[in-house]
Enquirer: 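So that we are looking at the same thing, I have put the structure below in structure tokens.
Computed from a prediction, not measured in an experiment: that's the story for all the values here. Computed over heavy atoms, backbone and side chain alike; hydrogens, waters and symmetry mates excluded.
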Amino acid sequence: MLDQSISTPRTTSAYTISAMYNGTTLRLNSLVPQIAKLTSTSSRDETVSTSESIQSMACGLCAALTLATSVPSFAAQNSLVRLPPLSNDPFRCEKAFVGNTIGQANGVANTLLDLRFCDFSNDTKNLKGKSLTAALMADAKFDGADLTEVVMSKAYAMNASFKGTNFTNAVVDRVTFDKSDMRGVKFYNTVLSGSTFDGANLEGASFENALIGYVDIQKLCRNATLPEESRIDLACKETPPK
């Protein structure tokens, strides 16, 4: 719970804005004039109380705290993820052929795509160009599947299998591929941002012309299974770990 208070020292015009979060007091000190005067259109002076200015700053501090303590994505905190029970919908796997239609970039979806344990091996027709936003893909199989131009944002694909999967021209944003089998996967010309591959098998994986941030490249280069050709494409500076 967030509590805020305002204290006014008697000897100065400095004001202290305090916010309590999880037992920690955060303070923002600011020198605020005691009286601010504004000139109206009728040339009369209007006095604005300092309390309004202080309240405005307090709201700003609260907003900053809200942003700083927002919930992270799957890729950032997969160890804290608590997945819902497996859907009992008999057609839950087929929903991937329709995908989601809203909120692609933010991980907001109109339909929960529970694709856990589904087998899409060698599917070259039904998944191309689909939006798989916030999809649960843990332990699913996409071996040899064509995921050209798919949009995957904040998906959870831990322990999944993507052997030989084609992600050409896809948008893969903040996806957890940890401990997945990515042998021979093709990320050609793919936008690959904020995704994690901790413990994934990347033997034969291709990242040619992929758009990847510098920090993400550094993490990828630490994977001992990343092939030499991909290390050249990613301009890895570090020697492969043993």
Side-chain angles (χ1 to χ4, degrees), residues 68 70-81 104-107 115-116 120-124 127-242:
S70 59
V71 178
S73 65
F74 278 149
Q77 292 289 338
N78 61 75
S79 62
L80 302 179
V81 171
Q104 296 178 353
N106 297 323
L115 309 180
R116 288 173 288 181
F120 300 100
S121 297
N122 301 313
D123 190 320
T124 59
L127 298 172
K128 292 192 296 184
K130 295 300 187 294
S131 174
L132 304 178
T133 300
L136 301 178
M137 300 177 172
D139 299 289
K141 290 185 178 181
F142 293 85
D143 298 344
D146 190 346
L147 299 184
T148 299
E149 297 182 352
V150 300
V151 176
M152 290 173 60
S153 178
K154 293 187 177 181
Y156 188 76
M158 190 169 183
N159 289 319
S161 184
F162 293 90
K163 291 183 291 186
T165 305
N166 186 3
F167 281 97
T168 297
N169 296 328
V171 176
V172 181
D173 175 48
R174 291 165 289 178
V175 177
T176 299
F177 290 112
D178 298 354
K179 299 181 181 180
S180 291
D181 192 342
M182 314 288 291
R183 287 177 291 175
V185 68
K186 298 178 180 65
F187 286 112
Y188 179 78
N189 203 40
T190 304
V191 176
L192 195 60
S193 57
S195 298
T196 60
F197 297 85
D198 297 343
N201 189 341
L202 295 172
E203 293 178 8
S206 173
F207 295 86
E208 184 179 356
N209 292 335
L211 182 61
I212 313 176
Y214 179 71
V215 174
D216 294 331
I217 288 177
Q218 287 182 312
K219 294 178 180 179
L220 268 173
C221 292
R222 297 190 190 108
N223 190 309
T225 64
L226 188 68
E228 184 62 28
E229 184 177 351
S230 291
R231 290 185 177 279
I232 295 174
D233 290 335
L234 296 172
C236 292
K237 297 180 180 180
E238 301 178 5
T239 57
K242 297 180 181 180

Enquirer: Just how far is it from atom CG of N166 to atom CG of L127, taken to the nearest 0.5 Å?
Expert: 11.5 Å
Enquirer: Which pairs count as ring-ring contact (aromatic ring centres under 6.0 Å, His included) when at least one residue sits in residues 207-226, sequence neighbours excluded?
Expert: F187-F207
Enquirer: Which heavy atom in A170 sits nearest to a heavy atom in L147, and how many Å separate them?
Expert: CB-O, 3.9 Å
Enquirer: Ignoring hydrogens, what is the shortest heavy-atom contact between F197 and L192? Give both atom names and the distance.
Expert: CZ-CD2, 4.0 Å
Enquirer: Could you tell me which residues satisfy side chain to side chain donor-acceptor pair (under 3.5 Å) with S121, sequence neighbours excluded, listed by chain and number?
Expert: D119
Enquirer: Compare every heavy atom of A200 with every heavy atom of N223, then report the nearest pair and how far apart it is.
Expert: ND2-O, 3.0 Å
Enquirer: If you round to the nearest 0.5 Å, how far is OG1 of T165 from CG of D143?
Expert: 6.0 Å
Enquirer: Any chance the side chains of D198 and T196 put a donor and an acceptor closer than 3.5 Å?
Expert: no
Enquirer: For S206, enumerate each residue passing the side chain to side chain donor-acceptor pair (under 3.5 Å) test, keeping only those at least two apart in sequence or located in another chain.
Expert: none
Enquirer: Show me the side-chain donor-acceptor pairs of residues 179-186 shorter than 3.5 Å, one per line, residues at least two apart or across chains.
Expert:
from : atom 1 : to   : atom 2 : distance (Å)
S180 : OG     : A157 : O      : 2.7
S180 : OG     : N159 : N      : 3.4
S180 : OG     : A160 : N      : 3.1
S180 : OG     : A160 : O      : 3.4
S180 : OG     : F177 : O      : 3.2
D181 : OD1    : R183 : N      : 3.3
D181 : OD1    : R183 : NE     : 2.9
D181 : OD2    : R183 : NE     : 3.2
D181 : OD2    : R183 : NH2    : 2.7

Enquirer: Sorted by first residue and then second, give each salt bridge (Lys or Arg N to Asp or Glu O under 4.0 Å) pair with at least one member in residues 204-215; sequence neighbours left out.
Expert: none
Enquirer: Is it the case that the side chain of N209 and the backbone of Y188 share a donor-acceptor pair, with hydrogens and angles ignored and the cut-off at 3.5 Å?
Expert: no
Enquirer: Any idea which heavy atoms bring G144 and T124 closest together, and the distance?
Expert: O-CG2, 4.1 Å
Enquirer: What pairs of residues pass the salt bridge (Lys or Arg N to Asp or Glu O under 4.0 Å) test when at least one of them lies in residues 128-139, not counting sequence neighbours?
Expert: none
Enquirer: Hey, is CD on E229 packed in by over 12 heavy atoms from elsewhere, all under 6.0 Å?
Expert: no
Enquirer: Between S230 and A205 (side chain of the first, backbone of the second, donor and acceptor by atom type, cut-off under 3.5 Å), is there such a pair?
Expert: yes
Enquirer: When rounded to the nearest 0.5 angstrom, what is the spacing between OG1 in T176 and CE in M137?
Expert: 11.5 Å
Enquirer: Could you give the distance from CG (L136) to OH (Y156), rounded to the nearest 0.5 Å?
Expert: 9.5 Å
Enquirer: To the nearest 0.5 Å, what is the distance between CG on L226 and CZ on R231?
Expert: 5.0 Å
Enquirer: Consider only side-chain N and O atoms of T148 and D146, and report whether a donor and an acceptor are under 3.5 Å apart.
Expert: yes
Enquirer: So, using side chain to side chain donor-acceptor pair (under 3.5 Å) as the criterion, who are the partners of N122 when residues are at least two apart?
Expert: none
Enquirer: Output the distance between atom CD1 (I212) and atom OG (S195), rounded to the nearest 0.5 Å.
Expert: 9.0 Å
Enquirer: Output all residues satisfying side chain to side chain donor-acceptor pair (under 3.5 Å) with N189, sequence neighbours left out; order by chain, then residue number.
Expert: N169
